[in-house]
Amino acid sequence: MTKRVAYFCMEFGLHEDFRIYSGGLGILAGDILKAAKDENLPMAGVGIRWRQGYVRQKLDESGRPYDSFYEENHPFLEDTGITVSVKARGRDIALKVWKCDCFQNVPLYLLDAYVPGNADMLITGQLYGWFGEERLVQEIILGVGGLRALKELGIKPDVYHFNDSHPVVAGLELLREEIEKGAEFEDAWKKIRKKIVFTTHTPVIAGNESYDYKILDYVGVTKGFTKAQLKQIGGTPFGMTPAGLRLSKKANAVAQLHGETAKEMWKDIDGAAPILAITNGVHNGTWQDFTVAKASGKDLWNAHQALKTNMLKEISRRNGVILRPGALTIGFARRAAPYKRSDLIFRKPELIEPMLKDGVLQLIFSGKAHPNDMGGKDIIANLAQKAKEFPDSVVFLEDYDIEIGKLLTRGCDVWLNNPIRPMEASGTSGMKAAMNGVLNLSVLDGWWPEGCEHGVNGWQIGGGYEGEDCDEIDLDSLFDVLINEVIPTYYNDRQKWIKMMRASIDMATVKFSAARMVKEYYEKMY
Ligand SMILES: *Cc1c(COP(=O)(O)O)cnc(C)c1O
């Protein structure tokens, strides 16, 4: 029988108006639920009802991003009538359990501390808000609260899937339950491992959460274990990813290259689960325009131009900027993290500026910085400054979200991606673009080495180079490919361009679909 899976994640990106997501991690979780629904698989999602969602980020008069949070309405959620309770920092937190029934056979259950009388009412207010100790409380809510909610609902999962390390405390809770039933620690550990799988993401040690035992003790995560036992699971300080690897039977990285990186990164974690590489995919029904998916030849071009015109209209409505449908248009929408190098293309002003002035190129940017990330905000301010300098050919769309993501990965001609290799674990926006015939121009990082046939379905830049001087190497390569291949093909060889669009769509439609990914999860992980 097909296994019943409980999929735990801090965020779910299901729809632009349901703002309980921040970025790639949540979109992945949302696409997995949608694919499970399409494939009629018995999965349930477990997450948090973020009452104020993730930050809304606009630009002020000076072009600096500023943050706002709003009360979000989720009128479509059903009250299950169930309330569970967890203890954190010595206080009881009552959690209402809401159900999102949008995906029938794949319900999503959301925990909510916004219950009168709770001392920690606002702890489920802002996604990725708060600080170290509060993050841990949120993880108890997700992990322990999630397990208790499933129990109350009468759902008995065969497999618990932790997407990234935020739900890992649920693994400790499952272990504690076994010990309380009388099992020895080692036996209990072996037993619960058989039911847990874990997806690892961030390929940088510093990006993986770890906690001092003092905080773990205070918040209440260590209850029922000796320090030595906890050390065996998470090390010192207690690493959430090492713990995830040691509490699961199998773990996965999110692209083949990321698999290599993750194996190397965690090779010293003794007793870790084997790390498989299961490349992410995106939900076709959400991200692929069906007129483009089906068309060929001249029809494909016309379908694409219709999407482009639609995007340009929306840009004009939002920003008052009129871009030209006949000009080569490059899109770049990413979280403003330094390794993504959003403003790389501007670092050769002698080459890029004439192209922008002459109208050979149009650039459309979007992205948010985390509220506490001053460096990220500098990047956005810089992009906004470029839009002011080149008002006819550079646009920055504020408040990046699913709606903007859909618009740009359908409407641009080229999708640019230039992270520092190998720091981009997957990079699913490129898959969305590829499915719509928007040609990837990308560093060979994340999923792209698996999809790229240079000059056939998109272009690679940088040749897979890794090193101190990668900024220079990648930048030279970017302009080399842009000037000698992308621009001449776009303006002088429309037939070839259309052929490349078709090749891109064919490459991505099945291979980088969430349906393929979820099937692989069932075959290889669960
Ligand atoms: C697809 C998507 C992402 C993730 O894409 P990356 O390529 O990893 O940046 C993030 N945010 C939104 C709104 C998306 O639609």
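Here the structure is a predicted model, which is why all the values come from computation and not from measurement. Start at 1 and go down the list; that is how both ligands and their atoms are numbered. Positions are given from 1 along the sequence.
Arg49 places no side-chain N or O within 3.5 Å of a backbone atom of Leu111 that could act as its donor or acceptor partner. Distance alone, capped at 3.5 Å, is enough to place a donor-acceptor pair between the Arg516 side chain and the Lys511 backbone.
Proximity of the aromatic rings of Tyr21 and His15 is defined here by a centroid distance below 6.0 angstrom, and this criterion is not met. Taking the ring centroids of Phe365 and Phe346, they lie under the 6.0 Å cut-off.
When heavy-atom distances to ligand 1 are checked against a 4.0 Å cut-off, Asn417 has no atom that comes that close, whether in backbone or side chain. Contacts between Phe332 and ligand 1, counted as non-hydrogen atom pairs separated by less than 4.0 Å, are absent for every part of the residue. For Ile27, every heavy-atom contact with ligand 1 shorter than 4.0 Å involves the side chain, none the backbone.
Nearest residue to atom 8 (O) of ligand 1 from Gly427, Gly24, Gly430 is Gly427 (criterion: closest heavy atom).
Looking at Asp67 and Arg56, no side-chain N of the basic residue comes within less than 4.0 Å of a carboxylate O on the acidic one, giving no salt bridge.
Here's the thing with Ser429: one of its N/O atoms is less than 3.5 angstrom from an N/O atom of ligand 1.
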Criterion ring-ring contact (aromatic ring centres under 6.0 Å, His included) on Phe18 and His74, from CA distance to verdict: CA-CA 7 Å; Phe18 190 14; His74 308 134; 5.1 Å; yes
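Ring geometry for His370 against Tyr54 counts as tilted: the plane angle lies between 30° and 60°, on a 0 to 90° scale.
Annotation: atom 14 (C) of ligand 1 to nearest protein heavy atom, Lys432 NZ, 2.9 Å. Given atom 9 (O) of ligand 1, the protein heavy atom at minimum distance is Lys340 NZ, 3.5 Å. Given atom 12 (C) of ligand 1, the protein heavy atom at minimum distance is Tyr400 OH, 3.3 Å.
Cation-pi contact between Arg64 and Tyr66: absent, since separation from the ring centre below 6.0 Å together with deviation from the ring axis within 45° is not met.
Counting atoms of ligand 1 from 1 in the listed order, those under 4.0 Å from a heavy atom of Ile402 are 13 (C). Under a 4.0 Å criterion applied to the non-hydrogen atoms of Gly23, ligand 1 contributes the atoms 10 (C), 11 (N). Atoms of ligand 1 found under 4.0 Å from any heavy atom of Arg334, numbered from 1 in the order shown, are 6 (P), 7 (O), 9 (O).
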